Each structure stands twice: as structure tokens, then as C-alpha cells.
A.B. asks: 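Let me give you the structure first, and then I'll get to my questions.
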Amino acid sequence: MRISKAWIVATKDMRVLLRKRYAIYSIVIFPLIVGIGLPLVLRFAGARHGGLHGTQLLTIMNAFSFLYLIGATSLPTVLASYSLVGEKIEKSLEPLLAAPVTDSELLLGKSIAAFIPPAAALYLSSIVFMALSDLMTHDRLGYSYFPNWTIGIILLLMVPLAAILSIEWSVIVSSRASDPRAAQMQGLFIVLPLAAIYVASEVGAISLNTTTLLIISAVILIVDIILFFLSTKSFQREEILTKWT
Amino acid sequence: MITVEKLTKKFGDVTAVEGLTFKVEEGEIFGFLGPNGAGKTTTVRMLCCLISRTSGEAKIAGYEISKEADSLQIRKMIGLVPDNVGLYEDLSAFENLDFYGKLYECPEGRRRENIERFLKMLGLWERKDARAGSFSKGMKQKLALARSLVHEPRILFMDEPTANLDPESAKTVRDFILELKKQGKTIFLNTHNLDEAQRICDRIAILKTKLLRIGSPEQLRESLTRHKTEIRLAQAGEALISSLKKVIPNKIEVSGDKLVIDVTDPDKENPNIIAAITSAGGQVREVTQLVPTLEDVYLQIVKETK
Ligand SMILES: Nc1ncnc2c1ncn2[C@@H]1O[C@H](COP(=O)(O)OP(=O)(O)OP(=O)(O)O)[C@@H](O)[C@H]1O
Ligand SMILES: [Mg+2]
């Protein structure tokens, strides 16, 4: 495994992806809404009744932070399915596989390409989100809520783990799909359990405290490890070349 | 350079290639001919270590295709022009080649030099910054050819490289292939174009799941058991032809005042045929022994195995 080879594949893939308008929209829109739109919600929601207050506000801010996890599970899926199914559609796998790269270098390269742009967009967005949210809520809370342990765990631990999950899942799904949109739709199923947790937290059924988050992280990590083996198994040159096309 | 022994590939119940045994010498243009579904692409894919073999073995410059460690060495020294061009349509021509150059660890300076040289030779240099997706089929085919050469491989596998080209571009590519041969490269060429094979290949193998025949174009032509004799008459009237058909059993084709007669042994049969024509009142003006083309050989061989 040579990281340099994986990086060559990754830069090529990112170059291709960043020329697809649809791919750009899909990584920019979500971070934009969460980063700028939601702090405004914090400011103006329920304004006629004096706005959100106290624990209510904190619950919502935690739930909003959790959205970064949802983003991390869904955005890389879009790119991963593009870069995997895209090779199938352009029939570019044959010359690529004939070059001196190993399957794992290719897989790593494609994973990096699906990881970096969404991660960059989400991290940038999170900085804006934290700053704006503090600005909007400081007067009501009397202190700056962000940064805190909750969003710290989400951004630094859960977002990378979830992005890896999303990419591995896409690899497995893409090996069966011949259309990137179909692969994306199936890829997005992985978001459902997290969306359920999000809804549960919004309605206050569970509390997204650090313990809960660490438990969820551990679960994602375990699934990551399982999917790692499944995805590398489904990404083997003969399979890819003869069944993917 | 390439040694293939009893190479077999099965896809489930389908046997794509069976018991192939042949050698390709260094610096040779080796033509691989066969009808659709004969297993040409499958063979090339096995030799390029893209798919595994079911049984048998092949060696490229001494490296075995079935060994994982060897396959990486093989891939470093070969270039492949696949049957589908497989370009990145959103990348420019230059970016496509540059990516492959990097992948093959071709150093920056040489990479740029090669890209410029090959794009210029194939008449694509002016369009180097245009999206590959905006290219015509023929231009894409040429770009795929350039891509297979950026890392200066010793051996080239080409799967129908002139299939989409107009006659002029096809000639450019053929001349280009001959130029590569001059540089000492070994070329394995899959093709359906018999005329092309006859013109540029040193040796030709005819395949239909199994290897049917192998030899130089001349050897293959000489191996032909059916020949054609062309006889130009003063006049090829209906009556003459029908009385001729009664005396000689050979297949006769008439076009204008020419007869083309299938013969197996021209030296023996031609005098009899001419005698028959003369006695039927015909007047022979010219007798030509038609030189069989590779197409004749090919069609006969492929028909025989049906
Ligand atoms: N991935 C695959 N799965 C199943 N069967 C396959 C596969 N690839 C090839 N075959 C079968 O193997 C046989 C040989 O196919 P191949 O593509 O090698 O032929 P070919 O000589 O290249 O034909 P063409 O002239 O049409 O390109 C065919 O019967 C084909 O159906
Ligand atoms: Mg073929």
C-alpha cells in the first residue's frame, strides 16, 4: 500500500467531482443551511412568545449540533457513489486497473476523495455555526454555549467516524448499482438510524449528553470495522471489472 | 516476450478461451483475429492481469500473470488500449494523460515531454486543454492510444484500436504502430480488420475460443486449401456457362466476361478447365491465379470450425 498512489487517485477524483455541478451543490447546500440558517432559527423561532429559553434552547442547540453527524453520513455518500459508479459509466476501470495500482490503493484514493471535500465543508460550516449561534443566544443565556464538549465530540470524533461509515457503505452499494443516483439513494439509508436519534433528541426523548454521544460513537466505530471488511471484499479488481460493467 | 500455455478462462458455464498456447517474440506485431465473442478481449484482459485465468499460465517477460507480486511488475511494463476508450470525460486531454503518467511514476519532465510528443504525433496537441468528453470518437480513440504510451511501455496491448476511425485516421494509427515497432516495442493487436492485419502484422493468430491457426500472413495464405482461378473470356454467354457447369464440378462465379472458379489444386485443374471451355466453344483471353487474401483464409478457417 503506497499512500502516494492513493493520493494521485484521490486528486484526480476530486478534480472530476468538483467539475460536476450536482456534486458541488450536494456538498455545499447542507453546510450552508446548518451553518447560517439554523443560528437564525435560534434567534427568531418563537420570537412572538418571547423566543426560546433556557433548557429548551440548549436541547435545540444540541440537536442542531447533531446535524453535523447527519451531514457526515450523507454528504460523502454522494461523492463516493459518483466516483465509483462514475468509473463504471465512463468505462474507465479497465485502463485504471491495468495500471500499477493495487485494489487497496484505489479504494483508499477514492475514499479520500469522498472524505476531504465534505469534511472541509462541514468543518468550515461548524465554525460559522458556533460563532453565529453564540452571537444569537449570548444575551439570553448570559454565556457562550459553543464550543462545548458535545459539539467537540461530534465534530472531532463522530464526524470522521460517520464519514468513514458512509463511504464504506457506498462502496458496498455501488458495487451493485450502475446508476450513481440509485447508489446514492441506497447509500442514504445509512442515515436513517441517526435521523431517528436526531428526532428523538428534538422531542426530548433522549438527551444528547456526552455519554450518549460516546456510546453512539462506539457503535459507529464497530460498524465501521465490520463494513471495512465487507467493503474491501466487494472491491476486488475482477469483480469490479466484470460485474460492475 | 509473451509465452502463453494452455491458457483457459471460464465465466461460469461459458468457456471464453480454451487451451491457448502461443508465443509472441520481442519487437513483433502480433495480430489476434477472431469473430465476435471469440475471446480476444478476454485473452488480453488475462494477459494484462485484469482478470484471473481459470487454468494454464502465461508469462510476460518472464513474470507469471497468476502471481500477485509478478502482476504488479507486468502492469508496470505494459500499456493497454482497451476496447472502450475509458477516458475521464470531465478532464482535459492533458489531464487524462498526466494522471496516467503519474500513476505509472513517470517523472514530471519526461511525462510532459511524452504527452506533448504523442499528442503532437496524433494531431491532438491543439486540443490538449479541451474536455475529453468534447472529442469525437476517433479523437478519443487516439487519446486512449496516447494514454497507453505515456509511461513508455515495452509491450502494448491494443483492443481494436482502429475500430472507430475514418480511413485517414486509421492510417495515422497504423503508421504510428509501425513506428512503435521500429522503436522495438512488442505489440499485441486485437482486430477485426483483416486488411490491416495483413499489412502490419508479423504474425497472426486466428482464434475462436481455441486457437485455430497461427503464422505469418504469407504462411496463412499458403495454407489455404481453396484457390480461385480467374478466366477472362471473349464472351461469357449463358449457353457456354451452362454447358461448362455440366463438365466441371467446381463452383463458378460469373461477372461480365470473367469467370471466377474455385479450385483446390490449380496446377492440375486449370488445364482441364481451359480445355473444357475451349471445347464448349469459349475463347480464353486471360488466365489469372488469384492471390488469396487473408480474408479468404480467415473466412475458410472460421467456416470450417462451425
Ligand atoms: N464478464 C463476463 N461474464 C460472462 N461472460 C463473459 C464475460 N466477458 C466475456 N464473456 C464471454 O466470453 C466470450 C468471449 O468474449 P470476448 O469479449 O473475449 O470476445 P471478443 O473476441 O473480444 O469479441 P468482440 O470481437 O465482440 O470484441 C463471450 O462468449 C462472452 O459472452
Ligand atoms: Mg472484444
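Protein chains get the first letters and strands the later ones, always in sequence-line order, with residue 1 at the start of each. All figures in this text were calculated on a predicted structure; none of them were measured in a lab.
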A.B. asks: Taking all non-hydrogen atoms of both residues into account, name the closest pair between B:Gly86 and A:Ser92 and its distance.
C.D. replies: O-CB, 3.2 Å

A.B. asks: Does OH in A:Tyr198 sit with more than 12 non-hydrogen atoms of other residues, nucleotides or ligands closer than 6.0 Å?
C.D. replies: yes

A.B. asks: Above 12 or not: heavy atoms from other molecules or residues under 6.0 Å from CD of B:Glu126?
C.D. replies: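 For B:Glu126, atom CD is not crowded (no more than 12 foreign heavy atoms under 6.0 Å).
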
A.B. asks: Side chain, backbone, both or neither: which part of A:Leu96 has a heavy atom under 4.5 Å from chain B?
C.D. replies: both

A.B. asks: In Å and rounded to the nearest 0.5 Å, what is the CD to SG distance from A:Glu94 to B:Cys48?
C.D. replies: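 One gets 8.0 Å once the value is rounded to the nearest 0.5 Å.
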
A.B. asks: So how far is it from B:Phe99 CZ to A:Asp13 CG, rounded to the nearest 0.5 Å?
C.D. replies: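 Spacing of CZ (B:Phe99) from CG (A:Asp13) equals 7.0 Å.
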
A.B. asks: Below 4.5 Å, heavy atoms only, C-beta onward: do A:Arg19 and B:Leu91 meet side chain to side chain?
C.D. replies: yes

A.B. asks: More than 12 foreign heavy atoms under 6.0 Å from CZ of A:Phe228: is that the case here?
C.D. replies: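 Count not over threshold, so no.
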
A.B. asks: Flag the pair B:Glu105 and A:Lys5 as a salt bridge only when some basic side-chain nitrogen lies within less than 4.0 angstrom of an acidic carboxylate oxygen.
C.D. replies: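 So B:Glu105 pairs with A:Lys5 through a salt bridge.
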
A.B. asks: Is B:Phe157 close to chain A through its backbone or its side chain, or both, or neither, when contacts mean heavy atoms under 4.5 Å?
C.D. replies: neither

A.B. asks: Give the C-alpha distance, both sets of side-chain angles, the deciding distance and a yes or no for side chain to side chain contact (heavy atoms under 4.5 Å, CB included) between A:Leu93 and B:Leu50.
C.D. replies: CA-CA 10 Å; A:Leu93 282 165; B:Leu50 290 168; over 6 Å; no

A.B. asks: Is B:Leu80 in contact with chain A via its backbone, its side chain, both, or neither, using a 4.5 Å heavy-atom distance?
C.D. replies: side chain

A.B. asks: Provide the closest heavy-atom pair for A:Val101 versus B:Leu72 in the form atom of the first, atom of the second, distance.
C.D. replies: N-CD1, 4.4 Å

A.B. asks: Inspect the surroundings of NZ in B:Lys181 and state if more than 12 heavy atoms from other residues, nucleotides or ligands are less than 6.0 Å away.
C.D. replies: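 Yes.
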
A.B. asks: What option among B:Arg75, B:Arg147, B:Lys76 has the most heavy-atom pairs under 4.5 Å with chain A?
C.D. replies: B:Arg75

A.B. asks: With a 6.0 Å cut-off (strictly less than), is the heavy-atom count around NZ of B:Lys120, excluding the residue itself, greater than 12?
C.D. replies: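 Yes.
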
A.B. asks: Is it the case that over 12 heavy atoms from other parts of the model lie below 6.0 angstrom from the CD atom of B:Glu116?
C.D. replies: yes

A.B. asks: Working note: B:Asp90 + A:Leu17, criterion side chain to side chain contact (heavy atoms under 4.5 Å, CB included); need CA distance, chi angles, decisive distance, verdict.
C.D. replies: CA-CA 9 Å; B:Asp90 290 308; A:Leu17 288 169; over 6 Å; no

A.B. asks: Can you tell which part of B:Ser92 gets under 4.5 Å to a heavy atom of chain A, answering side chain, backbone, both or neither?
C.D. replies: backbone

A.B. asks: Checking heavy atoms, do the side chain of B:Val81, its backbone, both or neither come under 4.5 Å from chain A?
C.D. replies: neither

A.B. asks: Measuring from A:Lys12:NZ to B:Asp98:CG, what's the distance to the nearest 0.5 Å?
C.D. replies: 13.0 Å

A.B. asks: Quick check for you: among B:Glu95, B:Lys102, B:Glu68, B:His151, which has the greatest number of heavy-atom pairs under 4.5 Å with chain A?
C.D. replies: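 Top count of heavy-atom pairs under 4.5 Å with chain A: B:Glu95.
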
A.B. asks: Quick one: closest heavy-atom pair of A:Ala98 and B:Tyr104, and the distance?
C.D. replies: O-OH, 3.6 Å

A.B. asks: Heavy-atom pairs under 4.5 Å with chain B - which of A:Lys20, A:Arg15, A:Glu90, A:Glu105 has more of them than the others?
C.D. replies: A:Glu90

